[in-house]
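The structure under discussion appears below in the form of structure tokens.
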Amino acid sequence: MHEPLDPRYNHKAIEDAIYKKWESSGYFNPDNLATKNKERGVKKSKSLTKNSKLTSSAKREDPFTIIMPPPNANGSLHLGHAVFVTLQDIMTRYARMKGKKTLWLPGADHAGFETQVVFDKKLEKEGRNRFAMDRETLWKEIWDFTQQNKKVMESQLRKLGASCDWSREKFTLDPDIVRIVYDTFEKMYRDGLVERDAGIISWCPKHQTSLSDLEIKDIERTDSFYYFRYGPFTIGTARPETKFGDKYVVMHPDDTRYKEYKNGEQLHLEWINGPLTATIIKDEAMDMEFGSGVMTITPWHSTVDFDIAMRHGLDKEQVIDERGRLLPIAGEFAGMKILEARPKIVEKLRLKGLLARTDEAYRHTVRACYKCNTLIEPQIKKQWFVRMTRALKTQAQKTNRLPANKIHHHGVSLRDMAVKAATSGKMKFHPTHAKKILLHWMENIRDWNISRQIVWGIRIPAWFCASCGEIKVNATPKAKLFLVRHGETDWNKEERGHGHANPPLNNAGIAYAGTLATRLRAWKIEAIITSDLHRARHTAEIIAHGTNARIIPAQELRGRNVGIAQGMYHTERRALYGDIFQSYEKAPPGGESFKDFEERTWSAFREHRTTHRHKNIVIVTHIETIHAILKRTKKWSMEQMIARQSEKSGFTEFDILDPCLKCKNDLYEQDPDVFDTWFSSGQWPFATLLASQETKNKEQGVRIPTTSKDLKTFYPTSVMETGHDILFFWVARMIMFGLYRTGEVPFRTVYLHGLVRDKDRQKMSKSKGNVIDPLGVAEEYGTDAVRMALVMGNTAGNDILISEDKIRGYRNFATKLWNIARFILMYQNKTEIHDSTHPPAYQIPKKYKFTATDKKFLAEAKKIKTEVGKHIEKFEVHLAAEKAYHYVWHTFADTIIEHYKPKLQKVTPPLAEDGTPAKPHKIPNKTTREKAEVARHILNSILMDSLIILHPFMPFITESIYEKIDPKNLLMTKPW
RNA sequence: GCGCGCUUAGCUCAGUGGUAGAGCGACUCGUUUACACCGAGUAGGCCGGGGGUUCGAUCCCCUCAGCGCGCACCA
């Protein structure tokens, strides 16, 4: 006799417990699934055929894999996440019930720039600013922030019912992942696919970093368009503020209007800040129809101009700085912000009679940072670029330290690999047109800037020889060396020269030393070598307190003996002895020449370095000592050093690597930049599988795992399910990286879902107040209802409309299902409910006769089960859900149950209010009893089928009902 | 400029070369011992316009219109 179910399904009471039951069963992990099946006596198959399809004849050995798109660890989950969780969980649960070796691998993304932006806002609220923070402190804070978010996210994924294998969970900053990312970078570097180059990049003046083309959005707007007289020409521009240095005037070679001018011809003309010599350039990139057909170029701040300048080998000059202010080249406008300067520049040109006319209503699009809408300022910078269309160098392949994995990509570019794989049908796309969109993008693909000037991310594993600039990639530093300036004294504050005088640290100096200690705590510092002067020594002691390092005083590291200038104010010193202090050889009266000072400190520096080879050391000393050491290390001339003095390199760090092959120096500086997040997440499918069970490849003497059990078993993965908005950002990159590193596509099927919108098609946003919190509605209506609402009526690629009404509708369905079960279980007071999917346990006694209607109902249930499965296999999840929903409610409940209800009630009247069985109205005869028995069997059977077909969509309620029927087993692993 | 889609009931969307479907909403009626978070039923559509292929087109082809999206250009 079954306990009667409550009249209402109470999701709050059961969801957490059900999830715990699943999780503790261990069956989220496919390794346990396999064992379990063996026990059940399922035959082992040797075939390791990888099926991307959720085929019906699966063996546990057939893998089914989804790598979860790792949510950004910078906030909590929103409805978009709920969509992917639902879709992927449906596919995963179906595959598992189908008997596949099913892996859904969860993870989280550090989401470099995105997280940095979120964190910047948080800092701003607190009145802080990342540009005033040191790298280590900022890193630590963001790390803690993301770890916290990650924890919340994990619990939210559980709440949504995600049946993923937590034992394989990965974070993009896990050391093993980072190592794999580094290896890929190194391999690409050796193959000539990644290069450091001074290219024109898109710079966000607010975020102070470069961005990729994908991180920029176009904004259409109306601006003034100015026509200026530039010598005999009229040039048009919307950006007068860039025009200061324009000394090239470009026109199309076929433009008859200007045929009298020859390429390279020079002419003198009057320009913004005075006379100028301009050079004529003929270039076919010019559009003769646009404006006057003539323009001047600013190669430093325009992609098109940059290209022209490169073609003709022209000079390039920076006009606007990184913060969007004009540089000294702008003369009187220097230091002004662009928008402030623009009208003033126009006014000046007008007064000079150089303004021909102004078009006030010029419609054009400008490029802006996708996060803050700040206008992008193109800049020329040395950065790392992935060459998308460059063919792999065969030569490099041979000398590659990394194994090639039998991949032969000779003469093929990353783009070509991806295009070939997409066109060859190795991957299926849902919706199908996604393939066309991808190919079109690939055709027009451009090199990818992967350097980001932020702290949060995977730091680029490239080191530059401090002496000759030679690049080393993917090195392993042996030790770190810090050159640190002592804290401030009152003399520093008053701008007086110290020499060997000994004033104490002031309060600011002590505080600064404290921040150094905090910062250096990130490394295991073994020794602090310090100038023996009090200010340095005191600083060293404070640092030592934070690091437990040994202090070694060294008199030779004292600053320069300035003799007579000791205690003198800098202004006075400059007036009296300026030339001496600018000179290499000359010594001030009673003091040292720079040459002698440099010799003294350099030899001390070398000696200490030899003594403490391969240990992390800090050298606390004086600014001029640091400059002297840098001068020698970097082989600067005196002039170069003086020019750099303003940089105030009070904190300089070096990595010690194997000596440079070119110049024998072993001090290196690591590229301060980090990778574009997508550079690491683009490697996610193979990186997660490789990292989860890495094995070392001893044969090749390589410390990098090139394969793993998981990679062999689960790669290529079955499905990549993600939002269509990151088709280029992510999917395209995963295809390229996957092919490049493993020779295989990373996934067989790409399924893209749309954006979640509200019922009025509005994008959800906090400011509109139409945001539905998935966890909130799950709490109110039950997770199953939310999942159904997200799946119903939604096709791949289309936007998903959701409203609370819709969710409420599926909550009603959950109640309906609950009551179906309640009704059937109510009549099970005689016979245990049986499970049609376990034939030995379920046999309808032969003596019972089935009517044609009985048979029809049973056959129909089987048919529906097959059809729902087929829909899932064809990635028509919405149709599967709809079919299951419709069948269960309108066929099973409305027709079948109603059909059998009287037969049951004749034998066993329903339970009374208090749950006790009522007495039959009269003693039923044999036929009546048999009919009731058949009815029970049929209803049991169809109930089980209903639970099975609904389980992927509504896992909690179905498992919860199943628990009442069969408390010892899980519906989750029941064969479909 | 290049590319990709979409247009079917009031709304959201399925769908198929052979008489148009679901959910929600609307309306009518019913039921209260599985479920009112229920049941039975009704209304509502020249399947965007035009042309073609076909015995037959909502479906295939062409074209036009409207809407949406992506990419590029943007002096």
Side-chain angles (χ1 to χ4, degrees), chain A residues 4-5 7-9 213-214 218 220 223 225-228 230 233-240 242-243 246 249-251 285-287 290-298 302-305 308 362-367 431-446 724-725 727-728 754-755 757 759-761 781-782 785 788-789 792-795 797-803 805-806 808-827 876 878-879 881-883 885-886 889-890 893-894 897-898 901 904-905 909-913 918 939:
Chain A
L5 297 178
R8 264 274 146 107
Y9 169 58
D213 292 333
L214 290 174
D218 290 345
E220 201 181 343
D223 282 309
F225 191 79
Y226 307 97
Y227 290 90
F228 297 123
Y230 188 83
F233 308 107
T234 302
I235 58 157
T237 184
R239 298 205 56 193
T242 64
K243 298 279 143 203
D246 288 11
V249 57
V250 191
M251 60 213 70
M286 290 299 294
D287 179 358
F290 191 91
S292 59
V294 180
M295 69 173 181
T296 61
I297 56 166
T298 315
S302 154
T303 317
V304 178
D305 296 3
I308 294 173
Y362 172 59
R363 287 298 282 177
H364 66 153
T365 48
V366 292
R367 309 173 77 215
T432 46
H433 72 259
K435 180 159 120 182
K436 291 186 194 169
I437 295 170
L438 186 73
L439 287 171
H440 181 253
W441 183 75
M442 294 275 197
E443 270 168 39
N444 303 305
I445 199 166
R446 301 168 67 169
H724 67 56
D725 51 331
L727 177 63
F728 307 140
L755 217 71
R757 295 173 181 275
K759 63 177 191 300
D760 303 317
R761 239 173 229 300
Y781 299 107
M788 278 299 266
M792 289 289 256
N794 293 312
T795 43
N798 284 336
D799 286 348
I800 296 158
L801 276 67
I802 194 161
S803 62
D805 280 346
K806 195 172 173 186
R808 203 174 291 125
Y810 295 105
R811 188 270 320 264
N812 295 354
F813 176 59
T815 309
K816 185 76 189 180
L817 175 63
W818 186 258
N819 278 295
I820 289 169
R822 189 161 91 103
F823 175 78
I824 292 171
L825 294 182
M826 225 174 239
Y827 286 98
E876 298 163 339
H878 60 292
L879 294 181
E882 200 176 307
K883 185 153 256 167
Y885 170 93
H886 198 259
W889 198 323
H890 299 297
D894 292 347
I897 291 182
E898 292 306 323
K901 192 190 267 181
L904 292 170
Q905 286 176 340
L911 300 176
E913 285 287 305
L939 292 179

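Naming: A, B, ... by sequence-line order, numbering from 1 per chain.
Contact of E898(A) with A40(B) (side chain to base): no donor-acceptor pair of N or O atoms is detected under 3.5 Å. You'll find a donor-acceptor pair under 3.5 Å spanning the side chain of T365(A) and the base of C73(B), going by distance alone. For T815(A) and C35(B), a side-chain-to-base donor-acceptor distance below 3.5 Å is absent, hydrogens and geometry of angles not being considered. Counting atom types as modelled, K816(A) pairs a side-chain N or O with a base atom of C35(B) as donor and acceptor under 3.5 Å.
Applying the 4.0 Å criterion to OP1 and OP2 of C35(B), one finds that R8(A) has every side-chain N and O outside that range. K436(A) has a side-chain polar atom (N or O) that falls below the 4.0 Å cut-off from OP1 or OP2 of G5(B). OP1 or OP2 of A14(B) lies within a sub-4.0 Å distance of a side-chain N or O belonging to N798(A). OP1 or OP2 of C35(B) lies within a sub-4.0 Å distance of a side-chain N or O belonging to R822(A). Side-chain N/O atoms of R757(A) include none lying less than 4.0 angstrom from OP1 or OP2 on C13(B). The side chain of H890(A) places an N or O atom within less than 4.0 Å of a non-bridging phosphate oxygen (OP1 or OP2) of G23(B).
Across all strands shown, T795(A) has heavy atoms under 4.0 Å from sugar-phosphate atoms exclusively, and none from any base. Counting any heavy atom pair closer than 4.0 Å across all strands shown, V250(A) reaches no nucleic acid atom. No contact: G291(A) has no heavy atom under 4.0 Å from any strand. Among the atoms of the strands shown, none is found under 4.0 Å from any heavy atom of A814(A). At the heavy-atom level, M286(A) lies under 4.0 Å from base atoms of the strands shown. As judged by a 4.0 angstrom heavy-atom cut-off over every strand, I820(A) is placed among the base-contacting residues.
Although no hydrogens or angles enter the test, the distance criterion places no donor-acceptor pair under 3.5 Å between the side chain of T296(A) and the main chain of D246(A).
Side chains of D218(A) and T365(A): no donor on one and acceptor on the other come within 3.5 Å.
In this structure, G21(B) and C13(B) make a Watson-Crick or G-U wobble pair, each of the two defining distances being under 3.5 angstrom. Under the Watson-Crick and G-U wobble criteria, each requiring two contacts below 3.5 Å, nucleotide G68(B) is paired to C4(B).
Here, C55(B) and C62(B) have their C1' atoms 22 Å apart, quoted to the whole Å. Straight-line distance between the P atoms of G51(B) and G45(B): roughly 23 Å, to the nearest whole Å.
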